[in-house]
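Labels below follow one simple rule: chain letters A, B, ... track the order of the sequence lines, proteins then strands, and each chain is numbered from 1. Side chains included, hydrogens not; waters and symmetry mates left out as well; all remaining heavy atoms used.
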4 protein chains.
Amino acid sequence: MPKIVDHNQYRQALLDQCFDLFAEKGYSTITMRQIAAGLGVSTGTLYHYFPSKEAIFEQLVEEMIQRDMLQVSSEMATAKTTSDRIKRGFEFVERKQDYFFKQLLIFTDYYQQIRQDSNQPNVLERVCERIQPKISEILGIHDPQVAQFVFTFVDGICVSQIYGCNAANFSTHLQLLLKMLVAYLEKYEPSFLETEKL
Amino acid sequence: MPKIVDHNQYRQALLDQCFDLFAEKGYSTITMRQIAAGLGVSTGTLYHYFPSKEAIFEQLVEEMIQRDMLQVSSEMATAKTTSDRIKRGFEFVERKQDYFFKQLLIFTDYYQQIRQDSNQPNVLERVCERIQPKISEILGIHDPQVAQFVFTFVDGICVSQIYGCNAANFSTHLQLLLKMLVAYLEKYEPSFLETEKL
Amino acid sequence: MPKIVDHNQYRQALLDQCFDLFAEKGYSTITMRQIAAGLGVSTGTLYHYFPSKEAIFEQLVEEMIQRDMLQVSSEMATAKTTSDRIKRGFEFVERKQDYFFKQLLIFTDYYQQIRQDSNQPNVLERVCERIQPKISEILGIHDPQVAQFVFTFVDGICVSQIYGCNAANFSTHLQLLLKMLVAYLEKYEPSFLETEKL
Amino acid sequence: MPKIVDHNQYRQALLDQCFDLFAEKGYSTITMRQIAAGLGVSTGTLYHYFPSKEAIFEQLVEEMIQRDMLQVSSEMATAKTTSDRIKRGFEFVERKQDYFFKQLLIFTDYYQQIRQDSNQPNVLERVCERIQPKISEILGIHDPQVAQFVFTFVDGICVSQIYGCNAANFSTHLQLLLKMLVAYLEKYEPSFLETEKL
DNA sequence: AATGAATGAGAATTCATTCAT
DNA sequence: AATGAATGAATTCTCATTCAT
């Protein structure tokens, strides 16, 4: 690990590496010593950059969201037609399936944590507030409900990973979602049918 | 506290009450003392009925699955037509939305737990192995993929609860799923259209 | 286990079986449940016959001593000459080597226990007070020091068992003790030489 | 409490102080809190230096043996004649009688502990394997059996302490052992008689 | 800035003992 | 007399956090 002089930059570098650590062990199971060891620093150093375990976790969640939003935007920037956007969107999700799965684990852990003391600002609420319009925008679908449907289903696929059914693999699920979506759009948004060929 | 004669019966009674406790606090967050207090017994008594915290959790998961399977079967017993089955199925899920949400939290907790020592028999695998055919049977849908789709989506709705978006409420989600499903079945399983009116 | 009507007799029957249990696990390591299980009774029954774990232990020690004194006396009753007494005495020790070893473990455990609260009557003191003259009597040796020497050495052999050296086996040790003893008696108690042939 | 730089050195310093603690209370009776208090540190610190109570105990036993071997060697280094060696050897034992007694208590405790799980490497076996030749060397006695006899008897004296007989004091016992030994050597190893005057 | 020794409250678990049946 | 369910204090051990160096 190279010594990065800038305090804030180093903090973010540490945060990056925390993602897998938290995803693999879980927030309450992982210890500060394990985190420190995983990052290759001492506990003292860890506390030099973060005030508490909780703070690391929160900053991690915040960081993740920010990063994701940016990445999605940049990935989608060049897509023009709706069918192109949908195709790219699904590819994006498929490519990052492992990441989304780990994120789900982190989010549920986070949810359990914050519900204990309710006076905490809920970062998760902001997640969906910001992600949902993004999905609408990406897919070029006007009905927000439908955009949310896609989002929800992707979450569902992530969850289904924990059951470990080999049948339930990510890509097959996505294929079916796509077919569902088209069937629905053809039926309820005929305008979609006229303009696009998938 | 009266002396309960049947050891096994009392054990199950305690298990029932554990569900909410685990769902609210999370497996690793809740302490044995808290569980004992929640059940109105001493820690000693708790250990008289369960060898460890882990054992309580596993027995709880097993018990839950068994109970759910039985309940679903009995609820669906009298439904005859496919549309009737679908309607009842969705009603069932909607009615127990709170329960399913808590179950999701418990399951993700459980997943994080067992992945640590991988040589453990995975109860979750059995969950989906047994639930999936049940759903096919209930909905009267031949394509197992589609049945799985419904299951996965319901999981997705549960997850979306953690984001706390007021928009994303359970019932609305289910409505949309139903519409999607019908649109899909009409397109790809025309036989469905002929026999049923939803 | 046959039901013995007499309370006291049953108590002693239980006590007998406790010897091996305490010897194998150690006083502080063995639990009342393990004792109860080993005796084939419930903990409730155990407490019906003994007020506490400590009491079982003390009664066991007392019982053991009583029994040993009686047995030694009866075994030696018919021996007439000194050499005969010595021979029999050594045979007796050799035959019960396993028993004496376990007794040592129990005695050291007991010692650790009673030294904590010093106002307890020390049963062990009575052990040597009563055993020592017995040995003098058995061996027909006038010098009490020498009798004590034999006693002490036998204890030493018991201890050496814990080192597990295969070299240090009980019988060989006893042989040497015998030779030592004779050499000593020949040198310092010439009267011994005149009257006996070993 | 000053920060001690050398981790290993401090660990040994703690170990030293543990000897009396274990000897006085016994392995299973003493608690980690009591040990910590006795050492003047917190339980956390104790666990910082030793992974478990068992580990402290084992390290203590190992340490003891090492130290004893070294000390004996250095004490005996300047003794030339056999009678000088025997005299010094007996003085050494007498001087450290209190230590040897405590060691016996610790060893029997240790024995009870390891016999539970038999796959443990037995440190006690190594004790006698290394001590026995040492005694032969010290006393300059060729017959290993006789050396072992002395060792065993010293153990016996230690045990006899637990009976608390005031008669059975350490020094008197040793005197008699010496006389026995000489009588035996004179009878069976006449070469001994020729060269030495005790 | 970086370290890791030190802390002690709190976790899971055990166990002698009590007591209703 | 016999049972075993119930208790809760005490045990071993963990871990987030602090702080001297």
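- For the pair C:F50 CZ and F:dA2 C1', the interatomic distance rounds to 15 Å; values are reported in whole Å.
- The list of salt bridge (Lys or Arg N to Asp or Glu O under 4.0 Å) pairs with a residue in residues 33-47 of chain D, not counting sequence neighbours, is empty.
- The side chain of D:H7 contributes no N or O atom lying less than 4.0 Å from OP1 or OP2 of E:dG4.
- Phosphate contact (OP1/OP2 of F:dA6, side-chain N/O of B:H48, threshold under 4.0 Å): absent.
- For the pair C:Q113 CD and E:dA16 C1', the computed distance is 13 Å after rounding to whole Å.
- A search for salt bridge (Lys or Arg N to Asp or Glu O under 4.0 Å) contacts involving D:E62 returns D:R126, not counting sequence neighbours.
- Summarising the geometry, the separation between OH on D:Y49 and P on F:dC13 is reported as 19 Å, rounded to the nearest angstrom.
- Annotation: proximity of residues 15-24 of chain B to DNA chain E (heavy atom, distance under 4.0 Å) is found for no residue.
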Please produce a list of atom pairs where a protein N or O lies less than 3.5 Å from an N or O of nucleotides 13-15 of chain E.
from: E:dT13; atom 1: OP2; to: B:Y47; atom 2: OH; distance (Å): 2.6
from: E:dT13; atom 1: OP2; to: B:K53; atom 2: N; distance (Å): 3.0
from: E:dT13; atom 1: O5'; to: B:Y47; atom 2: OH; distance (Å): 3.2

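- A:F50 is linked by a ring-ring contact (aromatic ring centres under 6.0 Å, His included) to nothing, counting only residues two or more places apart in sequence or in another chain.
- Rounding to the nearest 0.5 Å gives a distance of 11.0 Å between CD1 of D:I162 and OH of C:Y110.
- Residue pairs satisfying the side-chain hydrogen bond (donor to acceptor under 3.5 Å, both in side chains) criterion with at least one member in residues 18-28 of chain B, sequence neighbours excluded, are listed as follows: A:S28-B:S28, B:D20-B:K102.
- Partners of B:R11 according to the side-chain hydrogen bond (donor to acceptor under 3.5 Å, both in side chains) rule, which considers only residues two or more places apart in sequence or in another chain, are B:N8, B:Q59.
- The separation between B:K25 atom NZ and E:dG10 atom P is 13 Å, rounded to whole Å.
- B:V61 is listed as a side-chain neighbour of B:I65, based on a closest heavy-atom distance under 4.5 Å.
- Among residues two or more places apart in sequence or in another chain, the side-chain hydrogen bond (donor to acceptor under 3.5 Å, both in side chains) test is passed with A:S42 by A:T45.
- Residues satisfying the side-chain hydrogen bond (donor to acceptor under 3.5 Å, both in side chains) test with B:E63, not counting sequence neighbours, are B:R67.
- Looking at heavy atoms from C-beta onward, D:Q34 lies out of side-chain contact with D:L21 at the 4.5 angstrom threshold.
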### Query
What dot-bracket string describes DNA chain F from 5' to 3', counting Watson-Crick and G-U wobble pairs whose defining distances are under 3.5 Å, with [ ] for crossing pairs and | for pairs to another strand?
.||||||||||||||||||||
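- Of the two residues near DNA chain F, B:S42 and D:Q34, the one whose nearest nucleotide lies more 5' is B:S42.
- For D:Y47, the side-chain hydrogen bond (donor to acceptor under 3.5 Å, both in side chains) criterion is met by no residue, not counting sequence neighbours.
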